[in-house]
Amino acid sequence: STLFPYTTLFRSGYNWSKVYSGTTYEIYSVDFIDSYKGWACGEFGTIIKTVDGGDSWSVVGTGLENDINGIYFRTDQIGYAVGSNGLALRSLDGGNTWIQHSIGTSDNLNDVAVARTISDFVIIAAGDNGKIYRSTTSGASYSEVPNLPVEANWKAISRTHQAGPYDTRSEERRVGK
């Protein structure tokens, strides 16, 4: 199943309208860091970016053929994406370029998020066969979370909507003010 079939994205506010995404590939996940900057990802290595609140989108070349299933930006410069066959990506320049990192699995990874600890950030990637991976190296390397009593496929990671100790963005940024 896809989030936005037919490569059309919709912009909200008081009115909804169709906006062409800039790609003919299906889009699976969208993340906005504020009211203007956002990224979306999808099949065949597709990543698209907007800097005007979704009015227009530009394609970011990844050079990949893997589906990219989940995308999350911790800041307007640092982002993470995951996909099929254990694909793990990191961007340090606002999503303009992406660095591929080995997670050590061929399982599909379906979503990614960042949790704040007392002193640092932990990147969490959820995948098929009940696997969850974590990185304490800003996405440079990952390790599997051991002994999870789940064999089902993880499809999404729930993100909090309240500012708190595990929140990676301020409340102001999350609600898009």
Side-chain angles (χ1 to χ4, degrees), residues 1-11 18-34 36-115 121-129 131-145 153-157 159 168-169:
S1 73
T2 61
L3 181 61
F4 294 111
Y6 314 113
T7 67
T8 301
L9 297 176
F10 293 89
R11 187 169 185 274
K18 281 186 172 184
V19 177
Y20 179 63
S21 67
T23 181
T24 58
Y25 295 122
E26 292 185 2
I27 300 298
Y28 300 146
S29 179
V30 178
D31 186 49
F32 274 79
I33 193 76
D34 59 30
Y36 301 100
K37 292 181 183 176
W39 298 262
C41 62
E43 67 180 344
F44 299 112
T46 298
I47 294 180
I48 58 177
K49 177 180 178 178
T50 183
V51 294
D52 60 11
D55 287 334
S56 63
W57 294 84
S58 58
V59 175
V60 176
T62 65
L64 299 170
E65 293 186 11
N66 297 58
D67 289 348
I68 301 175
N69 300 323
I71 194 163
Y72 184 87
F73 270 76
R74 182 166 65 88
T75 70
D76 66 346
Q77 295 296 305
I78 301 172
Y80 306 94
V82 295
S84 61
N85 300 312
L87 178 68
L89 302 171
R90 175 176 61 162
S91 177
L92 302 174
D93 63 1
N96 295 315
T97 60
W98 292 85
I99 303 160
Q100 187 170 350
H101 295 277
S102 175
I103 241 175
T105 184
S106 59
D107 288 332
N108 291 333
L109 301 172
N110 300 312
D111 202 6
V112 63
V114 179
F121 294 92
V122 176
I123 296 94
I124 301 166
D128 287 352
N129 301 311
K131 305 272 178 76
I132 293 181
Y133 300 86
R134 58 181 253 148
S135 173
T136 57
T137 59
S138 296
S141 63
Y142 287 80
S143 60
E144 183 179 342
V145 176
N153 298 338
W154 295 102
K155 293 297 184 185
I157 299 172
R159 295 168 177 91
T168 62
R169 302 184 205 171

**Qualifying salt bridge (charged side-chain N to carboxylate O under 4.0 Å, His left out) pairs, either residue in residues 36-45, two or more places apart** = Lys37-Asp76
**Item:** Sequence-distant partners of Ser102, side-chain hydrogen bond (donor to acceptor under 3.5 Å, both in side chains), two or more places apart
**Value:** none
**Request:** First locate atom OH of Tyr80, then atom CG of Leu109, and finally report the distance between them rounded to the nearest 0.5 Å.
**Result:** 15.0 Å
**Asked** Of Asp111, Leu89, Ile47, which meets side-chain contact (heavy atoms from CB on, under 4.5 Å) against Ile71?
**Response** Ile47
**Request:** Indicate whether the side chain of Ser21 and that of Thr23 have a donor and an acceptor atom separated by less than 3.5 Å.
**Result:** no
**Complete:** Interatomic distance, CG@Asn85 vs OG@Ser106, rounded to 0.5 Å, equals 6.5 Å
**Heavy-atom pair of closest approach, residues Ala125 and Tyr142** = CB-CE2, 4.4 Å
**Fill in**
Heavy-atom closest pair (Ala140 atom, Ser135 atom, distance to 0.1 Å) is N-OG, 4.0 Å
**Message:** Counting neighbours of CD on Gln77 that are heavy atoms of other residues, nucleotides or ligands and sit closer than 6.0 Å, is the number greater than 12?
**Reply:** yes
**Message:** One pair to check against side chain to side chain donor-acceptor pair (under 3.5 Å): Asn69 and Asn108. What are the steps and the verdict?
**Reply:** CA-CA 9 Å; Asn69 300 323; Asn108 291 333; 5.4 Å; no
**For Ile124 against Ala115, the heavy-atom pair lying closest together** = CD1-CB, 4.1 Å
**Qualifying residue for side-chain contact (heavy atoms from CB on, under 4.5 Å) with Leu87, from Thr62, Val82, Leu64** = Leu64
**Asked** Roughly how far, to the nearest 0.5 Å, is the CG atom of Asn110 from the NZ atom of Lys131?
**Response** 12.5 Å
**Message:** Quick check for you: to the nearest 0.5 Å, what is the distance between Thr97 atom OG1 and Leu92 atom CG?
**Reply:** 7.5 Å
**Prompt:** How are the rings of Trp39 and Phe73 set relative to one another: parallel (under 30°), tilted (30 to 60°) or perpendicular (over 60°)?
**Reply:** parallel
**Request:** With rounding to the nearest 0.5 Å, note down the distance linking OG in Ser141 to NE2 in His101.
**Result:** 9.0 Å
**Request:** Determine the minimum heavy-atom distance between Gly54 and Val19, stating which atoms define it.
**Result:** O-CG1, 3.3 Å
**Request:** Search all heavy atoms of Lys49 against all heavy atoms of Val60 and return the closest pair with its distance.
**Result:** CB-CG2, 4.0 Å
**Complete:** For Asp128 and Lys155, the nearest pair of non-hydrogen atoms, with its separation, is OD1-NZ, 4.1 Å
**Prompt:** For Asp67, what residues pass the salt bridge (Lys or Arg N to Asp or Glu O under 4.0 Å) criterion, not counting sequence neighbours?
**Reply:** none
**Prompt:** Pick from Val112, Ile123, Asp107, Val145: which one makes a side-chain contact (heavy atoms from CB on, under 4.5 Å) with Tyr133?
**Reply:** Asp107
**Asked** Short question: side chain of Arg90, backbone of Gln100 - any donor-acceptor pair under 3.5 Å?
**Response** no
**Message:** Please evaluate residues Phe44 and Tyr25 with respect to the criterion ring-ring contact (aromatic ring centres under 6.0 Å, His included), reporting the C-alpha separation (whole Å), side-chain torsions for both, the decisive distance (0.1 Å), and the verdict.
**Reply:** CA-CA 7 Å; Phe44 299 112; Tyr25 295 122; 5.0 Å; yes
**Asked** In Å and rounded to the nearest 0.5 Å, what is the OH to OG1 distance from Tyr36 to Thr50?
**Response** 11.0 Å
**Asked** Above 12 or not: heavy atoms from other molecules or residues under 6.0 Å from CH2 of Trp154?
**Response** no
**Prompt:** Can you find a heavy atom in the side chain of Tyr28 that is under 4.5 Å from one in the side chain of Ile68?
**Reply:** no
**Asked** Are Asp93 and Ser91 linked by a side-chain donor-acceptor pair shorter than 3.5 Å?
**Response** yes
